[in-house]
Amino acid sequence: MKVPFQVIYEDNHLLIVNKSAGILVQGDITGDVPLVELCKEYIGKKYKKPGAVFLGVVHRIDRPVSGIVVLARTSKSLERMNALFRENKTKKTYWAITEKRPPTQTGHLIHWLAKDEKKNKTTAYPGETAGALRSELSYEVIAQRENQWLIRVNPVTGRPHQIRVQLAYIGCPIKGDMKYGAAKPLEDGSIALHARKLEFIHPVRKEPMGVEAPLPDGACWKPFLNFE
């Protein structure tokens with residue numbers, strides 16, 4: 001079985017991995033083994049740690065999304081990384097592929113998003129709405145290959161399904177994202193959204209850090225493998 005993650009940074013405080021699409025970050029009602037448990041197993045074996053391994057989930061990305069996930073190896077790192085994410089002191093860059101071109105080459109989107117937990121689906125509203133949270137991102141069209149557009153997205157806020165629903169709202173659903181209006185699914189069940197880069201201040205060493213996750217092997221990404 002192929003390990004569904006690739007280690008891209010590791011020290012005594014953090015473990016940062018490139019998650020494959022299709023795997024949960026944390027456990028849910030499905031009972032499927034989540035990323036965090038697989039990474040605990042990795043740490044336990046590598047460092048020959050007896051007993052339980054501490055590994056805290058700093059943030060999550062959706063199951064069908066690939067890319068960077070940060071895990072904390074100590075409670076101090078977890079607390080400090082949580083604060084960085086909560087206070088928007090990180091810079092997150094996603095790459096998305098859409099079947100339609102956005103209305104402008106660059107854009108700044110602000111919507112109010114409300115998630116239906118029972119349906120696991122988020123709705124976007126153009127203005128303030130009861131029960132909805134202000135959600136903000138910027139985007140840029142950076143490449144085109146036939147009828148596919150590669151979009152660089154920098155979310156300012158971190159709402160559930162935010163990039164997926166905000167791009168769908170402007171008529172550009174992400175390839176494979178049937179939940180938000182894509183024409184058809186991708187063969188592997190993923191969606192063409194990848195957590196590409198993350199920049200932040202290291203929680204202990206206080207040094208600027210930047211990590212980048214290689215693109216997935218999926219067919220839809222192949223036309224863009226040599227880009228940047």
Side-chain angles (χ1 to χ4, degrees), residues 16 19 21 24-26 28 35 57-71 78 80-142 148-183 186 190-201 210-213:
I16 305 178
K19 179 185 89 72
L24 292 159
V25 172
Q26 284 182 298
D28 67 2
L35 176 72
V57 176
V58 174
H59 67 121
R60 292 180 292 178
I61 58 177
D62 296 340
R63 184 169 191 160
V65 176
S66 59
I68 293 170
V69 176
V70 181
L71 302 164
L78 178 61
R80 292 179 179 178
M81 288 301 299
N82 281 340
L84 289 179
F85 273 79
R86 185 172 60 249
E87 296 163 12
N88 291 330
K89 292 181 178 178
T90 65
K91 182 179 179 181
K92 295 168 279 188
T93 301
Y94 285 75
W95 281 12
I97 300 172
T98 62
E99 296 170 348
K100 295 182 180 179
R101 183 184 179 91
T104 55
Q105 184 76 14
T106 62
H108 192 83
L109 305 180
I110 297 175
H111 298 101
W112 276 255
L113 305 187
K115 186 178 181 186
D116 184 326
E117 295 293 344
K118 290 183 178 179
K119 295 181 179 178
N120 190 31
K121 189 171 183 180
T122 297
T123 301
Y125 299 94
E128 288 191 51
T129 303
L133 298 173
R134 187 181 185 279
S135 305
E136 182 179 356
L137 63 77
S138 60
Y139 73 82
E140 180 181 5
V141 180
I142 55 176
Q148 299 185 118
W149 283 266
L150 181 64
I151 318 294
R152 181 194 292 122
V153 182
N154 295 110
V156 178
T157 51
R159 311 303 186 197
H161 300 184
Q162 177 179 336
I163 297 171
R164 300 165 65 181
V165 71
Q166 286 196 273
L167 288 181
Y169 190 90
I170 62 169
C172 300
I174 293 168
K175 284 198 70 169
D177 197 357
M178 301 290 286
K179 180 170 284 191
Y180 293 108
L186 296 177
S190 69
I191 65 174
L193 180 62
H194 181 67
R196 177 69 163 162
K197 297 179 183 178
L198 181 67
E199 298 166 67
F200 61 97
I201 302 297
V211 292
E212 181 172 303

From [X] atom [atom1] to [Y] atom [atom2], the distance as rounded to the nearest 0.5 Å:
X	Y	atom1	atom2	answer
Y139	C172	OH	SG	7.0 Å
H111	S135	NE2	OG	9.0 Å
L167	L109	CG	CG	7.0 Å
L113	H161	CG	NE2	11.0 Å
R164	Y180	CZ	OH	5.5 Å
K175	I97	NZ	CD1	6.5 Å

Q) Would you call K197 and E199 a salt bridge, using N to O less than 4.0 angstrom? A) no
*Look at R152 together with E140 and state whether they make a salt bridge at an N to O cut-off of under 4.0 Å.*
yes
If you look at every heavy atom in [X] and [Y], which pair is closest and at what distance?
X	Y	answer
I163	P155	CD1-CG, 4.2 Å
G67	A213	CA-CB, 4.3 Å
L198	I68	N-CD1, 3.7 Å
F85	K92	CE2-CD, 4.2 Å
F200	T90	CB-CG2, 3.9 Å
K19	V65	NZ-O, 2.8 Å

Requested in this report: Please check if atom CD in Q105 has more than 12 non-hydrogen atoms from other residues, nucleotides or ligands closer than 6.0 Å.
Outcome: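 It does: Q105 CD has more than 12 such atoms within range.
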task: Give a yes or no on whether K100 atom NZ has more than 12 heavy-atom contacts from other residues, nucleotides or ligands under 6.0 Å away.
output: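 Incorrect, the count does not exceed 12.
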The single option from R134, Q162, E136 that satisfies side chain to side chain donor-acceptor pair (under 3.5 Å) with T157 is Q162
Review point. Taking C-beta and beyond as the side chain, do K179 and I191 meet within less than 4.5 Å on heavy atoms?
Key: no
Heavy-atom distance under 4.5 Å between the side chains of I151 and T98, does that happen here?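 A side-chain contact under 4.5 Å exists here.
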Give the C-alpha distance, both sets of side-chain angles, the deciding distance and a yes or no for side-chain contact (heavy atoms from CB on, under 4.5 Å) between V69 and I61.
CA-CA 7 Å; V69 176; I61 58 177; 3.8 Å; yes
> Should V70 and M81 be marked as a side-chain contact (heavy atoms from CB on, under 4.5 Å) after you check the CA-CA gap, both sets of side-chain angles, and the distance that decides it?
Replying inline: CA-CA 9 Å; V70 181; M81 288 301 299; 4.1 Å; yes
Sequence neighbours excluded, the answer for salt bridge (charged side-chain N to carboxylate O under 4.0 Å, His left out) partners of K91 is none
Hits for salt bridge (charged side-chain N to carboxylate O under 4.0 Å, His left out) against R80, two or more places apart or cross-chain, chain-then-number order -> none
Any donor-acceptor pair under 3.5 Å from N82 side chain to L78 backbone:
yes
- prompt: Is a donor on one side and an acceptor on the other found under 3.5 Å between the side chain of D62 and the backbone of P64?
  reply: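 No; zero donor-acceptor contacts below 3.5 Å.
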| Check against side-chain contact (heavy atoms from CB on, under 4.5 Å), R60 and V57 | CA-CA 7 Å; R60 292 180 292 178; V57 176; 4.0 Å; yes
CA sep, side-chain torsions, deciding dist, call: W112, L133, side-chain contact (heavy atoms from CB on, under 4.5 Å): CA-CA 5 Å; W112 276 255; L133 298 173; 5.9 Å; no
Exercise. Do H194 and Y94 have their ring centres less than 6.0 Å from each other?
Worked result: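 That pair fails the under 6.0 Å test.
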